Amino acid sequence: MTHAPRLILASTSATRQQMLRQAGVPFTTDTPRVDEAMLRDSLQAEGASLEDAVAALAEAKAMSVARRLDHGQALVLGADSIAAVTMTAAADGSAGDMWLEKASDRAMARQVLDRLNGRTHRLASGAVVVRGDTAIWRHVAVTRLTMRQCSATFLEAYLDRLGEAAFDTVGCYHLERQGAQLFSRVDGDLFTVLGLPLLPVLGFLREHGVIDT
């Protein structure tokens with residue numbers, strides 16, 4: 001009898017854990033030891049694309065767990081998300097992507113929302129599966145979100161309602177909850193916005209016997 005391989009999620013994200021759990025996926029979790037901010041800044045300085053950067057971060061997390069512990073033939077799933085908004089430089093009119101970080105306090109959360117206000121931004125979520133010391137699968141999905149022009153009063157009230165949950169996501173919104181009120185258009189799937197391209201992940205897990213076909 002062939003036993004299904006173990007799946008280990010290399011993430012402390014409660015949202016990613018909830019997505020897998022609600023989809024009926026058996027898994028355990030382990031905490032990756034990666035300096036995400038330093039790696040993200042390095043990738044951006046090197047001119048990496050949004051898609052390449054999010055895949056590299058997801059792989060680094062999975063590798064961190066796979067190499068640190070003896071997980072045998074277990075499948076280690078790493079995931080990451082980056083949001084980017086195109087900003088125009090006032091001096092010369094040139095435009096470039098600004099990658100957004102998670103806010104550390106209320107003032108930073110408001111600054112992030114102000115940057116997104118009335119603009120379209122991209123959010124990329126990547127997933128990488130590592131077995132042993134080899135990445136055997138990767139997938140990146142990108143969603144485009146258009147935030148309506150929100151009043152300052154609305155944004156302040158929104159942050160009041162959200163509280164510290166605003167610090168959990170790179171865009172300071174929870175699209176599956178009251179964050180839906182911020183947007184006029186979303187092109188892409190909700191799972192990607194929540195931080196994991198779930199449907200492709202489930203397809204991979206079926207192919208490898210983690211869940212039933």
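Computed from a prediction, not measured in an experiment: that's the story for all the values here. Keep in mind that the numbers below use all heavy atoms, side chains included, and drop hydrogens, waters and symmetry copies.
Judged purely by atom type and a 3.5 angstrom limit, D30 has no side-chain atom pairing as donor or acceptor with the backbone of V65. A distance-only check finds no donor-acceptor pair linking the side chain of T134 to the backbone of I136 [under 3.5 Å]. Side-chain atoms of K61 come within 3.5 Å of backbone atoms of A79 as a donor-acceptor pair (strictly under, hydrogens ignored). Looking at R115, its side chain never comes within 3.5 Å of a backbone N or O of M98 through a donor-acceptor pair. Side-chain N or O atoms of T192 include none that pairs as donor or acceptor with a backbone N or O of V142 at under 3.5 Å.
Nearest heavy-atom pair across P26 and L7 is O-CB, 3.8 Å. The two residues Q149 and N117 make their nearest non-hydrogen contact at NE2-ND2, 3.3 Å. Of all non-hydrogen atoms in A152 and R110, the two that sit nearest each other are CB-NH2, 3.5 Å.
In this structure, L198 is a member of the same hydrophobic cluster as V186, with clusters built from ILVMFWY side-chain heavy atoms closer than 4.5 Å. At a threshold of 4.5 Å between side-chain heavy atoms, the hydrophobic network of Ile, Leu, Val, Met, Phe, Trp and Tyr places L100 and L43 in two separate groups. When the side chains of ILVMFWY residues are joined at heavy-atom separations under 4.5 Å, either directly or via intervening members, M108 and L123 end up in two distinct hydrophobic clusters. L175 and V85 fall within the same hydrophobic cluster, defined by Ile, Leu, Val, Met, Phe, Trp and Tyr side-chain heavy atoms under 4.5 Å apart, directly or through other members. Placement of V201 and V140 in two distinct hydrophobic clusters is found when ILVMFWY residues are connected by side-chain heavy-atom separations under 4.5 Å, directly or transitively.
Taking D41 as the reference, E101 meet the side chain to side chain contact (heavy atoms under 4.5 Å, CB included) condition, with sequence neighbours excluded.
Note that CD of Q73 is 11.0 Å distant from NE2 of H208, once rounded to the nearest 0.5 Å. Summarising the geometry, atom CD1 belonging to I8 is positioned 10.5 Å from atom CG belonging to L77; distances are rounded to the nearest 0.5 Å. Rounding to the nearest 0.5 angstrom, the gap separating the CZ atom in R33 from the CG atom in D35 is 14.0 Å. The OG1 atom of T169 sits 4.5 Å away from the NE2 atom of H174 when rounded to the nearest 0.5 Å. Distance CG/L205 to CZ/F27: 11.0 Å, rounded to 0.5 Å. Distance check: K102 NZ to E36 CD gives 7.0 Å after rounding to the nearest 0.5 Å.
We find that R138 and E51 are not joined by a salt bridge, their nearest charged nitrogen and carboxylate oxygen being 4.0 Å or further apart.
Because its NZ or CZ atom is not both nearer than 6.0 Å to the ring centre of Y158 and within 45° of the ring axis, R177 does not count as a cation-pi partner of that residue. Stacking of R16 on the aromatic ring of F191 is not recorded, the 6.0 Å distance cut-off and the 45° axial limit not both being met.
Side-chain contact, E46 with S42: a donor N or O sits under 3.5 Å from an acceptor N or O.
Side-chain contact check for T28 versus L9: every heavy-atom pair is 4.5 Å or farther apart.
When ring centroids are compared, H121 and Y173 come within the 6.0 Å threshold.
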